[in-house]
Amino acid sequence: MFFDPANFRHRAFREGMADTLKVSPGIWAWGLMTGVAMVQAGLGTEVSVWMTLLVYGGSAQLAATPLLAVGAPVWVVLATAFCVNLRFAVFSLHLRGYLMAWPRWQRMSIGYLVADLNYVQFVQRHPHPAPDPAGQRAEMAYLCGNSLLAWFGWQVTSLAGIFLASQVPMEWGLGFAGVLALVGILCSLTQTRLRAVSLVVSSAAAVAAFAMPLRLNILVAIAAAVTVCLVVEQTAWGKKAAA
Amino acid sequence: MDSVQALTLLGLGAVTLLTRCFFFILNRELPFPAWAQRGLQYAPIAALAAVVVPEVMVSQGALITTWQDARLYGAAAGVVYYLSRRGQGQAVLGTIVVGMAVYLPLHMGWGW
């Protein structure tokens, strides 16, 4: 893993870190505001610190925070976080093709750390799983460098946000930098016309279904976009647009 | 922190681990149809769009009905910058910087 020299001395480890650096201002601003938001919602310093260290997922933390603050039943909090995180299950299906060459404990330690941006940058840098051990090592080294630096930046800024919560007003809207980081990643993902179709369908569905509980609109949007793309793919225009 | 809170936090950590590793926890090969494999290439962009676009266009649970919202101009400025750079070099970093340069004055100055 990270303490394995075969990973952290690999060239791909630095490539992974360099890619994380490109989106780091967004990660830092987002981490800071997530820390501030937890404390200002009334969670208290101790719970906020443990939440950051254990949960490590901005969207799930922000969804669980108001529920924890009002003392909602444990199963409601967990079910909410699970639904918000279901997109990661979709990612894990994709990552399976890359990770099955490694023992389970290695898969799961790296898997725990792979958040949205890490996944997106990884599959962009490695569109197809490597068939040989050298290529698989490069993929693992990239994932380690990429996710470790993102984890570190997120934790440091989140803890700063928790302890500075009284000094940073939410009204400044610094958290918008996190949204902008994702906007930039979205642009970089829109490489084919069919992916643009996926973007448009998903956006419309996510907004239209926004009133659904537990942020299930995200899953509805993914299902709608993938279905539409698979259907369009079969048409004459779709065959051209997929390339 | 009481024991219920501690239990909830541990559970939330387990949810992160479970969802992020969901399909590669077991060693067993999963039967996986070809159409689903093709569908995977459209899933990441759909998932991110579903998370991001409501952050820009939804306010108080519904699609915004005003143009006086700093998020629209911040996000638009970021996209224009990204396209003008054709995604080269530090385009994502520039998207964040340019977007915030438009967003912050509108948001804090005008109160949009």
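This is a predicted model, so every value here is computed, not measured. Numbers restart at 1 for each chain; the letters A, B, ... are given by sequence-line order, proteins then strands.
- Rounded to the nearest 0.5 angstrom, Tyr42(B) OH and Leu194(A) CG are separated by 4.5 Å.
- Legend: residues meeting ring pair (Phe, Tyr, Trp, His ring centres under 6.0 Å) with His107(B), ordered by chain and number and at least two apart, are Tyr103(B).
- Here the CZ atom belonging to Phe176(A) is positioned 9.5 Å from the CG atom belonging to Leu104(B), to the nearest 0.5 angstrom.
- Identified by a heavy-atom distance below 4.5 Å to chain A, the contributing residues of residues 49-56 of chain B are Ala49(B), Ala50(B), Val51(B), Val52(B), Val53(B), Pro54(B), Glu55(B), Val56(B), in residue-number order.
- Contacts of Tyr81(B) classified as ring pair (Phe, Tyr, Trp, His ring centres under 6.0 Å), with partners at least two apart in sequence or in another chain: none.
- For the side chain to side chain contact (heavy atoms under 4.5 Å, CB included) criterion with Leu48(B), the lone passing option out of Leu117(A), Leu199(A), Leu186(A), Ile218(A) is Leu186(A).
- Contact of Glu233(A) with chain B is made through the side chain alone, with heavy-atom distances under 4.5 Å.
- Interface remark: Phe210(A) contributes side-chain atoms only to the contact with chain B (heavy atom separation under 4.5 Å).
- Both the backbone and the side chain of Ala115(A) come within contact range of chain B, with heavy atoms under 4.5 Å apart.
- For the set Ser188(A), Gly26(A), Ala81(A), the count of heavy-atom pairs under 4.5 angstrom toward chain B peaks at Ser188(A).
- Neither the backbone nor the side chain of Gln121(A) comes within contact range of chain B; no heavy atom of the residue lies under 4.5 Å from a heavy atom of that chain.
- Annotation for Ala46(B) and Ser198(A): closest pair CB-OG, 3.5 Å, computed over non-hydrogen atoms.
- Taking all atoms of both residues into account, the shortest heavy-atom contact from Ala75(B) to Val183(A) is O-CG1, 4.4 Å.
- When the salt bridge (Lys or Arg N to Asp or Glu O under 4.0 Å) test is applied to Arg87(A), the partners found at least two apart in sequence or on another chain are Asp116(A).
- For a residue to count as touching a neighbouring chain, one of its non-hydrogen atoms must lie under 4.5 Å from one of that chain's; by this rule Thr190(A) touches chain B with backbone and side chain alike.
- For Ala64(A), the part lying near chain B is the side chain, with the backbone staying farther off; criterion is any non-hydrogen pair under 4.5 Å.
- When heavy atoms are compared at a cutoff of 4.5 Å, Met100(A) approaches chain B solely by way of its side chain, counted from C-beta outward.
- The closest donor-acceptor contact from the side chain of Ser92(A) to the backbone of Phe23(B) lies under 3.5 Å.
- Only the side chain of Tyr119(A) comes within contact range of chain B, with heavy atoms under 4.5 Å apart.
- Residues Leu93(A) and Phe22(B) form no side-chain contact, since every pair of their non-hydrogen atoms from C-beta on lies 4.5 Å or further apart.
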Check step by step if side chain to side chain contact (heavy atoms under 4.5 Å, CB included) holds for Phe91(A) and Arg20(B).
CA-CA 7 Å; Phe91(A) 299 169; Arg20(B) 288 196 180 154; over 6 Å; no

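- Heavy-atom pairs under 4.5 Å with chain B were tallied for Leu21(A), Leu53(A), Leu99(A); the largest tally goes to Leu99(A).
- Proximity to chain B (any heavy atom under 4.5 Å) is restricted, for Leu68(A), to the side chain, taken from C-beta onward.
- Closest of all the heavy-atom pairs between Thr16(B) and Tyr56(A) is CG2-O, 4.2 Å.
- For the set Val4(B), Thr95(B), Leu7(B), the count of heavy-atom pairs under 4.5 angstrom toward chain A peaks at Thr95(B).
- The CZ atom of Phe24(B) lies 9.0 Å from the CD1 atom of Ile110(A); values are rounded to the nearest 0.5 Å.
- Arg104(A) contributes no side-chain N or O that, together with a main-chain N or O of Leu26(B), makes up a donor-acceptor pair within less than 3.5 Å.
- The number of heavy atoms from other shown groups lying within 6.0 Å of CH2 (Trp105(A)) is above 12.
- Between the side chain of Thr19(B) and the backbone N or O of Phe82(A), no donor-acceptor pair lies under 3.5 Å.
- With a threshold of 4.5 angstrom between heavy atoms, Leu18(B) approaches chain A through side-chain atoms but not through N, CA, C or O.
- Note: Ile45(B) leads Ile45(B), Val15(B), Val58(B) in heavy-atom pairs under 4.5 Å with chain A.
- Between Arg107(A) and Asn27(B), the shortest heavy-atom distance links the atoms NH2-OD1, 3.0 Å.
- The shortest heavy-atom contact between Glu46(A) and Met1(B) is OE1-N, 3.1 Å.
- Considering every non-hydrogen atom in both Leu78(A) and Gly11(B), the closest pair reads CD2-C, 3.5 Å.
- A distance of 10.0 Å separates CG in Leu93(B) from NZ in Lys22(A), rounded to the nearest 0.5 Å.
- Atom CG of residue Leu12(B) and atom CH2 of residue Trp50(A) lie 14.5 Å apart, to the nearest 0.5 angstrom.
- Only the side chain of Val120(A) comes within contact range of chain B, judged by heavy atoms closer than 4.5 Å.
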